[in-house]
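Below: one structure, written as C-alpha coordinates.
Chain identifiers are assigned alphabetically (A, B, ...) following the order of the sequence lines, protein sequences preceding nucleic acid strands; residue numbering begins at 1 within each chain. Basis for what follows: all heavy atoms, side chains included, without hydrogens, waters or symmetry-related copies.
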Protein chains: 2
Amino acid sequence: MAHLPRCDSPPFPAVDHDHGRCRSWILQRAEQLCQQQGIRFTPQRQQVLAILSASHRSLGAYDILERMAESTRRPTPAAVYRALAFLMELGVVHRMSGNNAYFACTRTNHQHIMQFWICRRCGVVAETESSTIAQAIPLLAETLEFQTAWVTMEIEGECRTCRTA
Amino acid sequence: MAHLPRCDSPPFPAVDHDHGRCRSWILQRAEQLCQQQGIRFTPQRQQVLAILSASHRSLGAYDILERMAESTRRPTPAAVYRALAFLMELGVVHRMSGNNAYFACTRTNHQHIMQFWICRRCGVVAETESSTIAQAIPLLAETLEFQTAWVTMEIEGECRTCRTA
DNA sequence: AGCTGATTGATATAATATATCATCTCAAAG
DNA sequence: CTTTGAGATGATATATTATATCAATCAGCT
Ligand SMILES: [Zn+2]
Ligand SMILES: [Zn+2]
Ligand SMILES: [Zn+2]
Ligand SMILES: [Zn+2]
(Lines give C-alpha, C1' and ligand atoms only; values in the text may rest on other atoms or scores of the structure.)
(Ligands and ions follow the chains in the order given, each with its own letter.)
Protein backbone atom coordinates (compact mmCIF):
# COMPACT_ATOMS: atom_id res chain seq x y z
CA MET A 1 0.00 0.00 0.00
CA ALA A 2 3.05 2.18 0.04
CA HIS A 3 2.30 4.43 -2.90
CA LEU A 4 -1.45 3.98 -3.05
CA PRO A 5 -3.16 6.99 -1.50
CA ARG A 6 -5.67 6.32 1.24
CA CYS A 7 -9.30 6.22 0.28
CA ASP A 8 -10.14 9.41 2.07
CA SER A 9 -13.90 9.26 1.78
CA PRO A 10 -15.39 9.70 5.23
CA PRO A 11 -17.82 7.24 6.80
CA PHE A 12 -21.25 7.69 5.20
CA PRO A 13 -19.98 10.06 2.53
CA ALA A 14 -22.35 12.58 1.00
CA VAL A 15 -24.51 11.25 -1.79
CA ASP A 16 -22.74 13.51 -4.27
CA HIS A 17 -19.19 12.57 -3.26
CA ASP A 18 -16.73 11.60 -5.95
CA HIS A 19 -17.34 7.92 -5.75
CA GLY A 20 -15.27 7.18 -8.84
CA ARG A 21 -12.30 7.89 -6.64
CA CYS A 22 -13.46 5.37 -4.00
CA ARG A 23 -14.12 2.85 -6.69
CA SER A 24 -10.75 3.06 -8.36
CA TRP A 25 -9.01 3.04 -5.01
CA ILE A 26 -10.76 -0.20 -4.07
CA LEU A 27 -9.87 -1.90 -7.33
CA GLN A 28 -6.32 -0.66 -7.48
CA ARG A 29 -5.62 -1.70 -3.95
CA ALA A 30 -6.76 -5.23 -4.66
CA GLU A 31 -4.67 -5.33 -7.80
CA GLN A 32 -1.63 -4.19 -5.87
CA LEU A 33 -2.12 -6.63 -3.01
CA CYS A 34 -2.37 -9.48 -5.48
CA GLN A 35 0.79 -8.42 -7.23
CA GLN A 36 2.65 -8.13 -3.95
CA GLN A 37 1.53 -11.56 -2.88
CA GLY A 38 2.01 -13.15 -6.26
CA ILE A 39 -1.58 -14.30 -6.56
CA ARG A 40 -3.95 -13.89 -9.45
CA PHE A 41 -6.58 -11.20 -9.69
CA THR A 42 -8.68 -13.03 -12.24
CA PRO A 43 -11.54 -11.49 -14.24
CA GLN A 44 -14.15 -13.19 -12.11
CA ARG A 45 -12.60 -11.84 -8.93
CA GLN A 46 -12.30 -8.42 -10.51
CA GLN A 47 -15.90 -8.55 -11.58
CA VAL A 48 -17.16 -9.37 -8.08
CA LEU A 49 -15.09 -6.60 -6.55
CA ALA A 50 -16.16 -4.19 -9.28
CA ILE A 51 -19.79 -4.88 -8.45
CA LEU A 52 -19.22 -4.35 -4.74
CA SER A 53 -17.13 -1.23 -5.35
CA ALA A 54 -19.97 0.40 -7.26
CA SER A 55 -21.26 1.76 -3.95
CA HIS A 56 -20.63 1.68 -0.22
CA ARG A 57 -23.60 -0.63 0.19
CA SER A 58 -23.44 -4.28 1.10
CA LEU A 59 -24.88 -6.90 -1.23
CA GLY A 60 -25.95 -10.48 -0.75
CA ALA A 61 -24.10 -13.20 -2.63
CA TYR A 62 -27.08 -13.85 -4.88
CA ASP A 63 -27.49 -10.13 -5.56
CA ILE A 64 -23.92 -10.16 -6.80
CA LEU A 65 -24.69 -13.22 -8.87
CA GLU A 66 -27.62 -11.44 -10.53
CA ARG A 67 -25.50 -8.46 -11.41
CA MET A 68 -22.83 -10.68 -12.88
CA ALA A 69 -25.50 -12.36 -14.98
CA GLU A 70 -26.38 -8.99 -16.49
CA SER A 71 -23.01 -8.54 -18.11
CA THR A 72 -21.68 -12.07 -18.64
CA ARG A 73 -22.82 -15.66 -18.48
CA ARG A 74 -24.61 -16.40 -15.24
CA PRO A 75 -22.06 -17.84 -12.85
CA THR A 76 -22.84 -20.60 -10.36
CA PRO A 77 -23.30 -19.80 -6.69
CA ALA A 78 -20.04 -21.58 -5.97
CA ALA A 79 -18.19 -19.23 -8.29
CA VAL A 80 -19.53 -16.20 -6.43
CA TYR A 81 -18.71 -17.66 -3.04
CA ARG A 82 -15.23 -18.60 -4.20
CA ALA A 83 -14.55 -15.07 -5.36
CA LEU A 84 -15.92 -13.65 -2.12
CA ALA A 85 -13.78 -16.00 -0.05
CA PHE A 86 -10.75 -14.90 -2.01
CA LEU A 87 -11.51 -11.22 -1.58
CA MET A 88 -12.19 -11.61 2.13
CA GLU A 89 -8.93 -13.49 2.56
CA LEU A 90 -7.19 -10.65 0.74
CA GLY A 91 -8.84 -8.26 3.18
CA VAL A 92 -10.67 -6.11 0.67
CA VAL A 93 -14.19 -7.40 1.32
CA HIS A 94 -15.97 -7.91 4.63
CA ARG A 95 -18.98 -10.05 5.46
CA MET A 96 -21.77 -8.67 7.63
CA SER A 97 -23.07 -11.65 9.55
CA GLY A 98 -26.15 -9.76 10.69
CA ASN A 99 -27.61 -9.78 7.21
CA ASN A 100 -25.41 -12.17 5.23
CA ALA A 101 -24.10 -9.39 3.04
CA TYR A 102 -20.72 -8.40 1.67
CA PHE A 103 -19.14 -5.03 1.00
CA ALA A 104 -15.90 -3.55 -0.28
CA CYS A 105 -13.55 -2.30 2.41
CA THR A 106 -12.27 1.27 2.17
CA ARG A 107 -9.83 1.24 5.05
CA THR A 108 -6.21 0.20 5.26
CA ASN A 109 -4.28 -1.00 8.27
CA HIS A 110 -7.17 -2.62 10.04
CA GLN A 111 -6.75 -3.35 13.66
CA HIS A 112 -8.19 -6.63 14.74
CA ILE A 113 -11.31 -4.97 16.12
CA MET A 114 -13.46 -2.86 13.83
CA GLN A 115 -16.96 -1.48 14.12
CA PHE A 116 -19.24 -1.81 11.13
CA TRP A 117 -22.11 0.68 11.01
CA ILE A 118 -24.91 -0.50 8.76
CA CYS A 119 -27.74 1.75 7.65
CA ARG A 120 -30.95 -0.23 7.52
CA ARG A 121 -32.48 2.09 4.97
CA CYS A 122 -29.80 2.62 2.37
CA GLY A 123 -27.56 -0.35 3.20
CA VAL A 124 -24.40 1.73 3.28
CA VAL A 125 -21.71 0.42 5.62
CA ALA A 126 -19.10 2.51 7.43
CA GLU A 127 -16.06 1.26 9.31
CA THR A 128 -14.53 2.65 12.46
CA GLU A 129 -11.75 1.59 14.80
CA SER A 130 -12.31 2.75 18.35
CA SER A 131 -9.16 2.62 20.41
CA THR A 132 -11.28 2.64 23.57
CA ILE A 133 -13.01 -0.53 22.46
CA ALA A 134 -9.81 -2.02 21.15
CA GLN A 135 -8.42 -1.67 24.65
CA ALA A 136 -11.55 -2.72 26.52
CA ILE A 137 -11.99 -6.08 24.85
CA PRO A 138 -8.62 -7.57 25.80
CA LEU A 139 -9.23 -6.45 29.37
CA LEU A 140 -12.55 -8.21 29.48
CA ALA A 141 -11.01 -11.25 27.84
CA GLU A 142 -8.31 -11.33 30.47
CA THR A 143 -10.88 -11.27 33.26
CA LEU A 144 -12.74 -14.13 31.61
CA GLU A 145 -9.48 -15.94 30.82
CA PHE A 146 -10.74 -16.07 27.27
CA GLN A 147 -8.46 -16.33 24.26
CA THR A 148 -9.92 -14.13 21.56
CA ALA A 149 -9.74 -15.31 17.97
CA TRP A 150 -12.28 -13.11 16.21
CA VAL A 151 -14.42 -10.11 17.08
CA THR A 152 -17.65 -9.15 15.33
CA MET A 153 -19.10 -5.69 15.96
CA GLU A 154 -22.03 -4.65 13.84
CA ILE A 155 -24.19 -1.66 14.64
CA GLU A 156 -27.46 -1.34 12.76
CA GLY A 157 -29.45 1.84 12.54
CA GLU A 158 -29.91 4.84 10.31
CA CYS A 159 -27.27 7.05 8.78
CA ARG A 160 -27.52 10.82 8.72
CA THR A 161 -28.41 10.97 5.06
CA CYS A 162 -31.41 8.70 5.49
CA ARG A 163 -32.55 10.35 8.71
CA THR A 164 -32.62 13.80 7.19
CA ALA A 165 -34.28 12.64 3.98
CA MET B 1 -38.14 -10.67 38.36
CA ALA B 2 -38.66 -9.14 41.75
CA HIS B 3 -38.48 -12.23 43.93
CA LEU B 4 -36.58 -14.48 41.55
CA PRO B 5 -32.93 -14.68 42.65
CA ARG B 6 -30.32 -13.86 40.09
CA CYS B 7 -28.71 -16.70 38.23
CA ASP B 8 -25.39 -16.25 39.93
CA SER B 9 -23.38 -18.65 37.84
CA PRO B 10 -20.30 -16.83 36.54
CA PRO B 11 -19.37 -16.60 32.86
CA PHE B 12 -17.92 -19.91 31.73
CA PRO B 13 -18.80 -21.71 34.97
CA ALA B 14 -16.77 -24.70 36.06
CA VAL B 15 -17.76 -27.96 34.47
CA ASP B 16 -18.94 -29.30 37.83
CA HIS B 17 -21.05 -26.28 38.78
CA ASP B 18 -24.60 -26.85 39.98
CA HIS B 19 -26.23 -26.45 36.63
CA GLY B 20 -29.61 -27.60 37.88
CA ARG B 21 -29.78 -24.22 39.55
CA CYS B 22 -29.07 -22.40 36.28
CA ARG B 23 -31.60 -24.52 34.52
CA SER B 24 -34.44 -23.94 36.92
CA TRP B 25 -33.66 -20.26 37.07
CA ILE B 26 -33.92 -19.99 33.29
CA LEU B 27 -37.24 -21.82 33.17
CA GLN B 28 -38.77 -20.07 36.14
CA ARG B 29 -37.80 -16.68 34.87
CA ALA B 30 -39.53 -17.34 31.56
CA GLU B 31 -42.61 -18.62 33.37
CA GLN B 32 -42.71 -15.52 35.49
CA LEU B 33 -42.22 -13.11 32.59
CA CYS B 34 -45.08 -14.77 30.73
CA GLN B 35 -47.36 -14.50 33.73
CA GLN B 36 -46.49 -10.85 34.21
CA GLN B 37 -47.18 -10.10 30.57
CA GLY B 38 -50.28 -12.25 30.35
CA ILE B 39 -48.92 -14.40 27.55
CA ARG B 40 -48.87 -18.16 27.30
CA PHE B 41 -45.87 -20.31 28.07
CA THR B 42 -47.05 -23.27 26.05
CA PRO B 43 -45.56 -26.76 26.20
CA GLN B 44 -43.77 -26.29 22.90
CA ARG B 45 -42.15 -23.09 24.07
CA GLN B 46 -41.26 -24.71 27.36
CA GLN B 47 -39.74 -27.63 25.54
CA VAL B 48 -37.51 -25.45 23.37
CA LEU B 49 -36.34 -23.46 26.36
CA ALA B 50 -35.82 -26.66 28.37
CA ILE B 51 -33.55 -27.99 25.63
CA LEU B 52 -31.54 -24.77 25.50
CA SER B 53 -31.37 -24.56 29.29
CA ALA B 54 -29.76 -27.98 29.49
CA SER B 55 -26.38 -26.29 29.12
CA HIS B 56 -24.76 -22.93 28.51
CA ARG B 57 -24.04 -23.96 24.93
CA SER B 58 -25.72 -22.56 21.89
CA LEU B 59 -27.64 -24.83 19.55
CA GLY B 60 -28.76 -24.50 15.95
CA ALA B 61 -32.47 -24.49 15.21
CA TYR B 62 -32.28 -27.92 13.60
CA ASP B 63 -30.29 -29.30 16.53
CA ILE B 64 -33.16 -28.21 18.74
CA LEU B 65 -35.59 -29.81 16.32
CA GLU B 66 -33.72 -33.12 16.56
CA ARG B 67 -33.79 -33.07 20.33
CA MET B 68 -37.51 -32.34 20.34
CA ALA B 69 -38.01 -35.30 18.01
CA GLU B 70 -36.38 -37.55 20.61
CA SER B 71 -39.07 -36.97 23.19
CA THR B 72 -42.18 -36.05 21.20
CA ARG B 73 -43.44 -36.01 17.67
CA ARG B 74 -40.99 -34.32 15.32
CA PRO B 75 -42.04 -30.71 14.98
CA THR B 76 -41.77 -28.74 11.76
CA PRO B 77 -38.99 -26.21 11.29
CA ALA B 78 -41.59 -23.46 11.47
CA ALA B 79 -42.64 -24.63 14.93
CA VAL B 80 -39.07 -24.41 16.19
CA TYR B 81 -38.52 -20.99 14.67
CA ARG B 82 -41.79 -19.72 16.09
CA ALA B 83 -40.84 -20.84 19.57
CA LEU B 84 -37.40 -19.28 19.20
CA ALA B 85 -38.89 -16.00 17.99
CA PHE B 86 -41.19 -15.99 21.00
CA LEU B 87 -38.38 -16.69 23.45
CA MET B 88 -36.15 -14.05 21.89
CA GLU B 89 -38.94 -11.52 22.04
CA LEU B 90 -39.37 -12.42 25.70
CA GLY B 91 -35.66 -11.81 26.16
CA VAL B 92 -34.72 -15.22 27.48
CA VAL B 93 -32.97 -16.53 24.37
CA HIS B 94 -30.38 -14.83 22.22
CA ARG B 95 -29.31 -15.57 18.67
CA MET B 96 -25.64 -15.65 17.72
CA SER B 97 -25.52 -14.41 14.16
CA GLY B 98 -21.93 -15.56 13.75
CA ASN B 99 -22.95 -19.19 13.73
CA ASN B 100 -26.76 -19.15 13.49
CA ALA B 101 -27.17 -20.57 16.97
CA TYR B 102 -29.40 -19.86 19.93
CA PHE B 103 -28.80 -20.04 23.66
CA ALA B 104 -30.62 -19.41 26.91
CA CYS B 105 -29.85 -16.10 28.57
CA THR B 106 -28.71 -16.12 32.20
CA ARG B 107 -28.62 -12.40 32.83
CA THR B 108 -31.28 -9.97 33.93
CA ASN B 109 -31.47 -6.27 33.30
CA HIS B 110 -29.66 -6.26 30.02
CA GLN B 111 -28.34 -3.02 28.82
CA HIS B 112 -28.78 -2.44 25.16
CA ILE B 113 -25.19 -3.42 24.46
CA MET B 114 -23.92 -6.82 25.51
CA GLN B 115 -20.86 -8.84 24.61
CA PHE B 116 -21.30 -12.48 23.80
CA TRP B 117 -18.22 -14.64 24.27
CA ILE B 118 -18.44 -17.86 22.32
CA CYS B 119 -16.06 -20.75 22.83
CA ARG B 120 -15.34 -22.40 19.51
CA ARG B 121 -14.46 -25.69 21.12
CA CYS B 122 -17.23 -26.31 23.64
CA GLY B 123 -19.84 -23.88 22.29
CA VAL B 124 -20.50 -22.32 25.68
CA VAL B 125 -21.59 -18.68 25.54
CA ALA B 126 -20.96 -16.06 28.23
CA GLU B 127 -22.49 -12.60 28.43
CA THR B 128 -20.87 -9.41 29.66
CA GLU B 129 -21.87 -5.77 29.78
CA SER B 130 -18.90 -3.45 29.56
CA SER B 131 -19.74 0.05 30.71
CA THR B 132 -16.71 1.33 28.83
CA ILE B 133 -18.08 -0.05 25.59
CA ALA B 134 -21.61 1.00 26.47
CA GLN B 135 -20.31 4.55 26.68
CA ALA B 136 -18.01 4.40 23.69
CA ILE B 137 -20.60 3.35 21.15
CA PRO B 138 -22.97 6.29 21.59
CA LEU B 139 -20.00 8.64 21.32
CA LEU B 140 -18.95 7.07 18.03
CA ALA B 141 -22.54 7.14 16.86
CA GLU B 142 -22.77 10.82 17.65
CA THR B 143 -19.66 11.58 15.63
CA LEU B 144 -21.09 9.63 12.71
CA GLU B 145 -24.55 11.18 13.25
CA PHE B 146 -25.81 7.62 13.28
CA GLN B 147 -28.99 6.56 15.04
CA THR B 148 -28.31 3.20 16.62
CA ALA B 149 -31.06 0.60 16.62
CA TRP B 150 -29.24 -2.62 17.39
CA VAL B 151 -25.74 -3.63 18.40
CA THR B 152 -24.19 -7.04 17.82
CA MET B 153 -20.96 -7.91 19.64
CA GLU B 154 -19.76 -11.47 19.36
CA ILE B 155 -16.30 -12.56 20.39
CA GLU B 156 -15.18 -16.00 19.29
CA GLY B 157 -12.27 -17.85 20.81
CA GLU B 158 -11.51 -20.38 23.49
CA CYS B 159 -12.66 -20.43 27.08
CA ARG B 160 -10.38 -21.24 29.98
CA THR B 161 -11.80 -24.70 30.46
CA CYS B 162 -11.04 -25.72 26.90
CA ARG B 163 -7.62 -24.09 26.85
CA THR B 164 -6.45 -25.91 29.95
CA ALA B 165 -7.88 -29.24 28.88
C1' DA C 1 4.70 -29.44 -26.34
C1' DG C 2 4.12 -31.44 -21.75
C1' DC C 3 3.65 -30.91 -16.80
C1' DT C 4 1.68 -28.95 -12.58
C1' DG C 5 -1.06 -26.43 -9.59
C1' DA C 6 -4.58 -23.00 -9.46
C1' DT C 7 -8.96 -21.77 -11.20
C1' DT C 8 -13.42 -22.44 -13.02
C1' DG C 9 -17.59 -25.16 -14.54
C1' DA C 10 -21.23 -28.29 -13.63
C1' DT C 11 -24.13 -30.60 -10.73
C1' DA C 12 -26.00 -31.74 -6.66
C1' DT C 13 -27.08 -30.98 -2.11
C1' DA C 14 -26.78 -29.08 2.64
C1' DA C 15 -28.18 -25.77 6.05
C1' DT C 16 -30.96 -22.09 7.58
C1' DA C 17 -35.33 -19.75 7.47
C1' DT C 18 -40.02 -18.10 6.00
C1' DA C 19 -44.81 -17.95 3.69
C1' DT C 20 -49.40 -19.49 3.59
C1' DC C 21 -53.50 -21.41 4.85
C1' DA C 22 -56.08 -24.77 7.51
C1' DT C 23 -57.00 -26.48 12.07
C1' DC C 24 -56.97 -26.55 16.87
C1' DT C 25 -57.07 -24.69 21.74
C1' DC C 26 -58.16 -22.04 25.44
C1' DA C 27 -59.89 -18.41 28.01
C1' DA C 28 -63.16 -14.99 28.22
C1' DA C 29 -67.83 -13.25 27.11
C1' DG C 30 -72.48 -14.00 26.89
C1' DC D 1 -72.60 -24.15 29.38
C1' DT D 2 -71.99 -22.71 24.96
C1' DT D 3 -70.15 -19.50 21.79
C1' DT D 4 -66.59 -17.08 19.97
C1' DG D 5 -62.40 -15.08 18.68
C1' DA D 6 -57.54 -14.46 19.15
C1' DG D 7 -53.60 -16.84 19.51
C1' DA D 8 -51.15 -21.07 18.71
C1' DT D 9 -49.99 -25.06 16.06
C1' DG D 10 -49.95 -28.26 11.97
C1' DA D 11 -49.05 -29.10 7.24
C1' DT D 12 -47.03 -28.09 3.11
C1' DA D 13 -44.34 -25.71 0.21
C1' DT D 14 -40.74 -22.79 -0.80
C1' DA D 15 -37.13 -19.20 -0.19
C1' DT D 16 -32.46 -18.04 0.98
C1' DT D 17 -27.72 -18.84 1.93
C1' DA D 18 -23.83 -21.83 1.40
C1' DT D 19 -20.91 -25.99 0.46
C1' DA D 20 -19.23 -30.57 -1.55
C1' DT D 21 -17.47 -33.07 -5.34
C1' DC D 22 -15.39 -34.08 -9.47
C1' DA D 23 -14.35 -32.86 -14.20
C1' DA D 24 -12.53 -29.50 -17.38
C1' DT D 25 -9.73 -25.56 -18.30
C1' DC D 26 -6.09 -22.26 -17.89
C1' DA D 27 -1.55 -20.08 -16.72
C1' DG D 28 3.01 -20.33 -16.00
C1' DC D 29 7.11 -23.14 -16.13
C1' DT D 30 10.53 -26.48 -18.13
ZN1 LIG E 1 -17.63 6.48 -2.27
ZN1 LIG F 1 -12.38 -2.86 6.11
ZN1 LIG G 1 -24.96 -23.61 34.50
ZN1 LIG H 1 -28.84 -12.38 27.91
Using a 4.0 Å heavy-atom cut-off, does Tyr102(A) contact any base of the nucleic acid, only the sugar-phosphate backbone, or nothing at all?
sugar-phosphate
Thinking salt bridges, do Arg107(B) and Glu127(B) make one under a 4.0 Å N-O criterion?
no
Given atom [atom1] of [X] and atom [atom2] of [N], what is their separation to the nearest angstrom?
| X | N | atom1 | atom2 | answer |
| --- | --- | --- | --- | --- |
| Gln44(A) | dC26(D) | CD | P | 13 Å |
| Glu66(B) | dA14(C) | CD | C1' | 14 Å |
| Phe41(A) | dC26(D) | CZ | C1' | 18 Å |
| Leu59(A) | dT16(D) | CG | P | 15 Å |
| Met68(B) | dG10(D) | CE | C1' | 13 Å |
| Met88(B) | dT18(C) | CE | C1' | 13 Å |
| Asn99(A) | dT16(C) | CG | P | 18 Å |
| Leu65(A) | dT19(D) | CG | P | 15 Å |

Please determine if a side-chain N or O atom of [X] lies less than 4.0 Å away from the OP1 or OP2 oxygen of [N].
| X | N | answer |
| --- | --- | --- |
| Arg40(B) | dT9(D) | no |
| Arg82(B) | dT20(C) | no |
| Arg73(A) | dA10(C) | yes |
| Asn100(B) | dA17(C) | yes |
| Thr76(A) | dT8(C) | no |

Using a distance-only criterion (donor-acceptor N/O pair, under 3.5 Å, no hydrogens), is the base of [N] paired with the side chain of [X]?
| X | N | answer |
| --- | --- | --- |
| Tyr81(B) | dA19(C) | no |
| Tyr62(B) | dA17(C) | yes |
| Arg74(A) | dG9(C) | no |

Counting only N and O atoms by type, is there a donor-acceptor contact under 3.5 Å from the side chain of [X] to the main-chain atoms of [Y]?
| X | Y | answer |
| --- | --- | --- |
| Glu158(B) | Gln147(A) | no |
| Ser55(B) | Arg57(B) | yes |
| Glu154(B) | Ser97(B) | yes |

Which word best sums up how the rings of Phe116(A) and His94(A) line up, parallel for under 30°, tilted for 30 to 60°, or perpendicular for over 60°?
tilted
